[in-house]
Number of protein chains: 2
Amino acid sequence: MTGAPTRRRTQAERRAEAERRVLEAAREVIGEHGVGAVTFAAVGARAGYSRGIVTHHFGSRRGLMEALARSLQGLVPPAPAELDGRERVLAQVDLYLATLEHHPRDTRVFAMLWAEAIAGDPDLRPIFAERDADFRDSFARALRTAAADGTGAGLDPDAAAMAIVGLLRGVGLQLVLVEKAPDFARLRQTIALLLGTGLG
Amino acid sequence: MTGAPTRRRTQAERRAEAERRVLEAAREVIGEHGVGAVTFAAVGARAGYSRGIVTHHFGSRRGLMEALARSLQGLVPPAPAELDGRERVLAQVDLYLATLEHHPRDTRVFAMLWAEAIAGDPDLRPIFAERDADFRDSFARALRTAAADGTGAGLDPDAAAMAIVGLLRGVGLQLVLVEKAPDFARLRQTIALLLGTGLG
DNA sequence: GCGTGCTTGTCGGCCGACAAGCAACTTAGG
DNA sequence: CCTAAGTTGCTTGTCGGCCGACAAGCACGC
């Protein structure tokens with residue numbers, strides 16, 4: 001009857017799996033019931049452990065949130081290094097939208113964590129404030145070279161970066177509130193056209 | 001020493017002032033400490049009443065939040081009725097950005113409430129989901145006439161509406177996380193140029 | 001004196017954190 | 001190999017704190 005459900009595992013394996021399952025459980029809870037539903041009891045139960053598992057592995061609620069935010073970094077791949085200027089901006093925008101399409105659950109969780117940071121969660125604020133600044137900066141840099149090599153319209157790089165980051169984040173957030181997914185092909189095409197002509 | 005601080009007021013005046021002061025206090029608490037800091041005790045004290053004032057006037061926390069969301073409607077004035085198509089879209093966008101500039105505290109509070117809705121607050125979700133849909137729809141309508149009268153590029157109206165609403169909301173949310181206000185004149189000009197050429 | 005606005009007392013529920021104890025794994029001596 | 005002591009992972013018990021809601025009582029206006 002035992003069906004070998006428990007082959008002997010090393011302590012490192014046990015620890016690693018527990019952390020993985022706890023983070024996955026936190027994503028599930030957020031996606032289904034919101035960031036406010038992330039309690040030790042809820043996450044522990046969802047992960048198949050006790051309510052003490054989060055404290056044991058992450059020390060505090062803040063520790064869990066930070067690990068969660070870190071685990072969601074790198075969801076959107078960077079644009080190819082050989083691209084720059086206007087082309088790089090458009091490629092990065094499309095990659096972002098493609099990630100919204102292909103990883104709906106995780107981008108939704110990311111959006112909800114970002115929203116919680118905005119709403120005032122002191123644990124999340126510094127993390128996402130820094131991320132935002134970096135994200136804007138990456139666009140601003142590409143826009144500066146676009147202005148230099150003539151491939152960009154005469155737009156202020158910092159203002160345009162805020163607009164583009166706002167567009168991407170704003171679309172992601174709206175998707176949390178709409179029940180059925182939109183037509184992503186049309187959305188990507190429309191935004192590519194809108195920004196493509198707008199930038200040059 | 002009494003300096004006539006309490007001339008005799010009618011019951012209706014007392015009630016109206018209490019409600020006004022409670023809503024104002026809630027805005028202050030949100031703006032300074034986040035949506036999570038909105039408790040009966042905090043809001044009551046800030047308004048100069050007891051912790052029971054919120055229950056007495058709004059019945060529940062949900063009632064307060066709904067009244068708060070309602071009180072923030074109409075912050076952004078509608079575009080002139082005689083405008084339509086591409087012109088109307090651009091006018092509405094600029095009015096939104098102008099409101100961010102001229103009512104920083106209240107638009108910040110609105111953004112934080114919207115974020116809390118996204119993050120999963122069940123009281124706020126339906127309110128803001130409907131607002132979003134209406135907002136997108138107003139842009140989609142104008143974009144449809146733009147497509148019909150030839151003043152708009154061949155953009156899908158619904159997708160473009162989601163992009164524009166996303167841009168506006170996204171910019172508003174970013175402003176919550178940045179400490180110093182940006183150069184609004186440049187921001188408005190840049191976005192006007194970006195969307196102006198992008199739409200036609 | 002009567003009604004309405006407001007306050008205070010109080011209850012039940014939930015949460016995060018810590019500490020002590022139990023279970024799984026590792027290692028070293030025989 | 002075998003086993004027993006030691007280490008690490010995990011759970012359970014428990015504490016203090018905060019919150020929302022309701023009800024009874026007090027104060028202001030009619």
Side-chain angles (χ1 to χ4, degrees), chain A residues 2 4-26 29-30 33-68 116 119-124, chain B residues 2 4-26 29-30 32-68 113 116 119-124:
Chain A
T2 57
T6 53
R7 57 164 263 273
R8 193 175 176 90
R9 295 171 303 166
T10 68
Q11 296 284 56
E13 283 173 335
R14 289 180 73 195
R15 165 167 280 275
E17 191 196 336
E19 292 200 2
R20 194 165 24 84
R21 280 169 61 188
V22 167
L23 288 175
E24 171 62 21
V29 169
I30 291 174
H33 303 108
V35 182
V38 175
T39 66
F40 289 0
V43 171
R46 172 69 75 129
Y49 294 89
S50 76
R51 61 191 164 76
I53 192 70
V54 174
T55 305
H56 182 63
H57 280 280
F58 300 98
S60 65
R61 189 187 142 90
R62 179 192 181 110
L64 172 65
M65 290 304 189
E66 286 179 355
L68 202 49
E116 185 76 2
D121 186 307
D123 295 349
L124 292 172
Chain B
T2 55
T6 53
R7 56 164 263 272
R8 196 176 174 91
R9 294 171 304 164
T10 67
Q11 296 283 56
E13 282 174 335
R14 290 180 72 195
R15 164 167 282 273
E17 191 196 337
E19 292 200 2
R20 194 163 26 84
R21 279 169 62 187
V22 167
L23 288 176
E24 170 62 21
V29 170
I30 291 174
E32 292 171 21
H33 303 109
V35 182
V38 175
T39 67
F40 289 180
V43 172
R46 172 69 76 130
Y49 293 89
S50 76
R51 61 190 164 75
I53 192 70
V54 174
T55 305
H56 182 63
H57 281 278
F58 300 97
S60 65
R61 189 188 143 89
R62 177 190 182 112
L64 172 65
M65 290 304 189
E66 286 178 355
L68 201 50
L113 282 172
E116 185 76 2
D121 186 307
D123 295 349
L124 293 173

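Here is the naming used below: chain letters follow the sequence lines, and residue numbers restart at 1 for every chain.
Protein atom CG of B:Asp121 is 16 Å distant from nucleotide atom P of D:dC19, rounded to whole Å. Here the C1' atom of nucleotide C:dT4 and the CD atom of B:Glu17 are 16 Å apart, to the nearest Å. Taking atom CZ of A:Arg20 as the reference point, atom C1' of D:dC10 lies 17 Å away to the nearest angstrom. A straight line from CZ of A:Phe40 to P of C:dC14 spans 17 Å, rounded to a whole angstrom. The distance from atom CZ of A:Arg14 to atom C1' of C:dA24 is 4 Å, rounded to the nearest whole Å.
Using a 4.0 Å heavy-atom criterion, one finds that A:Val22 contacts no nucleic acid atom at all. At a threshold of 4.0 angstrom between heavy atoms, the contacts of A:Ala41 with the nucleic acid are absent.
Comparing C:dC15, D:dG20, D:dC10 by their closest approach to the side chain of A:Thr39 singles out C:dC15.
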- Query: Can you list the steps and then say if A:His57 with A:Arg15 is a side-chain contact (heavy atoms from CB on, under 4.5 Å)?
  - Reply: CA-CA 8 Å; A:His57 280 280; A:Arg15 165 167 280 275; 3.4 Å; yes
- Message: B:Phe58 vs B:Leu23, test: side-chain contact (heavy atoms from CB on, under 4.5 Å). Steps then yes/no.
- Response: CA-CA 10 Å; B:Phe58 300 97; B:Leu23 288 176; 4.0 Å; yes
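Under the 4.5 Å side-chain criterion, counting only non-hydrogen atoms from C-beta, B:Glu32 is in contact with B:Arg46. With contacts defined as side-chain heavy-atom distances shorter than 4.5 Å, the pair A:Val43/A:Ile53 does not qualify.
Across all their heavy atoms, B:Arg51 and B:Ala41 have their closest contact at CB-CA, 3.8 Å.
A heavy atom closer than 4.0 Å to some atom of DNA chain D occurs in B:Arg51, B:Ser60, B:Arg61, these being the qualifying members of residues 46-64 of chain B.
Among B:Glu116, B:Met65, B:His33, the one residue that satisfies the side-chain contact (heavy atoms from CB on, under 4.5 Å) test with B:Val38 is B:Met65.
Phosphate contact (OP1/OP2 of C:dG5, side-chain N/O of B:Arg15, threshold under 4.0 Å): present.
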